[in-house]
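Each chain gets a letter, A, B and so on, in the order the sequences are listed, and its residues count up from 1.
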Amino acid sequence: MPELPEVETTRRSIDAPLRGARVLGARLGKPLRWPLGCAPEDLVGLTLGPVARRGKYLWLPLAGAREGGLLLHLGMSGSLALLPEPPPPPGTHDHFELRTTRGTLRLTDPRRFGAVLWSASLASEPAARLLASLGHEPFDAALTPEFLHARLQGRRAPIKQVLLAGDVVVGAGNIYACEALFAAGIHPALRADRLSRPRAARLLAALRDTLGRALALGGTTLRDFRDAHGMSGAFQDEARVYGRAGQPCLRCGAPVRRIVQGQRATYFCPRCQKR
DNA sequence: AGTTAAACCTGGTTGC
DNA sequence: TGCAACCAGGTTTAAC
């Protein structure tokens with residue numbers, strides 16, 4: 001579910017309401033990807049700072065008797081809800097909960113690919129290890145077309161898979177990688193190191209435009225994505241190739257194709273997107 | 001070192 | 001209707 005626009009939408013929906021909140025209690029459900037790394041009771045009494053995001057990770061800083069924070073990932077099916085008191089009883093897919101003076105933050109994640117980890121800081125373990133290989137933020141000014149092009153040299157993998165890998169630029173998941181490549185007119189199977197500099201510039205612009213528009217629409221709700229106030233996104237209505245196999249390309253009319261790359265579905269227009 | 005496959009899970013949809 | 005097969009927004013880990 002959650003790619004950068006969904007994670008950032010989530011971040012924005014919890015940052016203001018939770019800033020300065022004091023933790024009253026924490027509760028765990030079924031195991032997520034990794035153990036929490038501290039006892040839930042250890043969080044009691046700590047105060048929430050500004051919620052940050054790095055790639056598709058959220059960082060909830062906590063200060064007080066101990067210094068650190070929670071590194072959170074929504075995986076494939078995770079979402080956060082900020083519930084007023086008293087919160088409804090937790091359901092079978094609610095696997096982490098932070099009860100605070102400003103409401104209860106609840107992580108719902110049916111597939112449990114998500115994670116919540118205590119870390120003393122972003123620069124210390126385990127957070128540092130998980131963030132170490134992340135590429136640039138897509139809107140970072142340091143990410144220039146020249147830099148992107150340079151980072152693609154030596155990469156023989158298809159450009160779609162390099163985008164998904166997130167070690168050059170973070171944020172694009174399966175939907176936005178497909179959409180950005182369509183917008184840039186680039187074939188998803190093109191070897192990354194065969195992308196010319198002008199086309200790298202075009203890809204970067206398309207990626208920024210795609211992610212930016214998705215963010216403005218509150219993300220994509222295919223099935224169950226909601227922000228912490230229960231609002232769904234609207235970008236699903238804007239997708240031009242994702243999930244549209246067999247349907248006519250909205251630009252040229254040719255049937256949209258679905259192929260599989262690296263065990264993930266890729267949607268593209270074979271006429272508009274050139275190798 | 002770079003690339004690919006397997007693994008982690010549950011639930012909804014499709015097809016026989 | 002029942003059941004098996006396949007599909008899904010991600011990323012780490014192990015193996016070529």
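In terms of modelled atom types and a separation under 3.5 Å, the side chain of A:E179 and the main chain of A:A239 share no donor-acceptor contact. Without hydrogens or angle criteria, A:D224 side chain to A:S77 main chain gives no donor-acceptor distance under 3.5 Å. Panel note: side chain A:D15, backbone A:V51; a donor-acceptor pair is recorded below 3.5 Å. In this structure, A:R194 contributes its side chain and A:S196 its backbone to no donor-acceptor pair below 3.5 Å. Between the side chain of A:E137 and the backbone N or O of A:G55 there is at least one donor-acceptor pair closer than 3.5 Å. Under the 3.5 Å distance criterion, the side-chain polar atoms of A:T100 are matched with a main-chain donor or acceptor of A:G103.
At B:dG2, none of the side-chain N or O atoms of A:R191 fall inside 4.0 Å of OP1 or OP2 (strictly under the cut-off). Remark: A:Y267 is in phosphate contact with C:dA8, judged by side-chain N or O atoms under 4.0 Å from OP1 or OP2. For C:dG9, the OP1/OP2 oxygens have a side-chain nitrogen or oxygen of A:R264 closer than 4.0 Å. Residue A:H73 has a polar side-chain atom (N or O) positioned under 4.0 Å from OP1 or OP2 of C:dT11. Contact annotation: A:Y57 side-chain N/O to C:dT11 OP1/OP2 distance is not under 4.0 Å. Between B:dC9 and A:K30, no contact under 4.0 Å exists linking OP1 or OP2 to a side-chain N or O. Here A:R155 reaches the OP1 or OP2 of B:dT3: one of its side-chain N or O atoms lies under 4.0 Å away. OP1 or OP2 of B:dT4 has at least one side-chain nitrogen or oxygen of A:Q161 nearer than 4.0 Å. For B:dG11, one of the phosphate oxygens OP1 or OP2 lies less than 4.0 angstrom from a side-chain nitrogen or oxygen of A:H93.
The same atom, P, is picked in C:dT11 and in B:dA1; the two are 23 Å apart, to the nearest Å. Remark: the separation of the C1' atoms in C:dG9 and B:dT3 is 23 Å, to the nearest Å. Nucleotides B:dC9 and C:dA14 place their P atoms 15 Å apart, quoted to the nearest Å. Taking the P atom of each, C:dC7 and B:dA5 are spaced 15 Å apart, rounded to whole Å.
Distances from the side chain of A:D224 to the nucleotides C:dG9, B:dC8, C:dT13 place C:dG9 closest. Here the side chain of A:R258 is nearest to one of C:dC7, C:dT12, C:dT11, namely C:dC7.
For A:F235 and A:Y176, the distance between ring centers is under 6.0 angstrom.
For the pair A:L117 CG and C:dT12 P, the interatomic distance rounds to 11 Å; values are reported in whole Å. Rounded to a whole Å, the CD atom of A:Q236 is 17 Å from the P atom of C:dA8. One can place CD of A:Q261 at 15 Å from C1' of B:dA5, the figure rounded to the nearest angstrom. Taking atom CG on A:D109 and atom C1' on C:dG9, their separation rounds to 11 Å, with Å as the unit. Spacing between atom CG of A:L152 and atom P of B:dG2 amounts to 13 Å, rounded to whole angstrom units. As rounded to whole Å, 12 Å separates atom P of C:dT11 from atom CG of A:L71. As rounded to whole Å, 12 Å separates atom P of C:dG9 from atom CD of A:E179. When the P atom of C:dG9 is taken as reference, atom CG of A:D237 falls 17 Å away, rounded to whole Å.
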Polar atoms only, N or O, under 3.5 Å: list the protein pairs with nucleotides 13-16 of chain B and their distances.
none

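A donor atom on one side chain and an acceptor atom on the other are not found under 3.5 Å apart for A:T10 and A:D227.
Two residues, A:R111 and A:L130, neighbour DNA chain C, and the one matched to the more 5' nucleotide by heavy-atom proximity is A:R111. The residue among A:T92 and A:R33 whose nearest nucleotide of DNA chain B lies closer to the 5′ end is A:R33. Residues A:V162 and A:Q263 each lie close to DNA chain B; by heavy-atom proximity, the contact nearer the 5' end of the strand is made by A:V162.
Using a 5.5 Å limit on the distance between ring centres and a 30° limit on the angle between planes, the aromatic ring of A:F113 counts as stacked on the six-membered base ring of B:dC8.
Counting distance only, with no hydrogens placed and no angle test, the side-chain atoms of A:R112 and the base atoms of B:dC9 include no donor-acceptor pair under 3.5 Å.
Nucleic acid contact for A:A265: sugar-phosphate only, since backbone atoms but no base atoms lie under 4.0 Å from a heavy atom of the residue. Contacts of A:G262 with the nucleic acid, taken as non-hydrogen atoms under 4.0 Å apart, are absent. Base contact: A:T221 has a heavy atom under 4.0 Å from a base atom.
Between A:H187 and A:F268, the ring-plane angle classifies as tilted under the 30° and 60° cut-offs. Ring orientation note: the planes of A:Y57 and A:H73 are nearly perpendicular, at an angle over 60° on the 30°/60° scale.
Under the Watson-Crick or G-U wobble criterion, with both distances below 3.5 Å, B:dG2 is paired with C:dC16.
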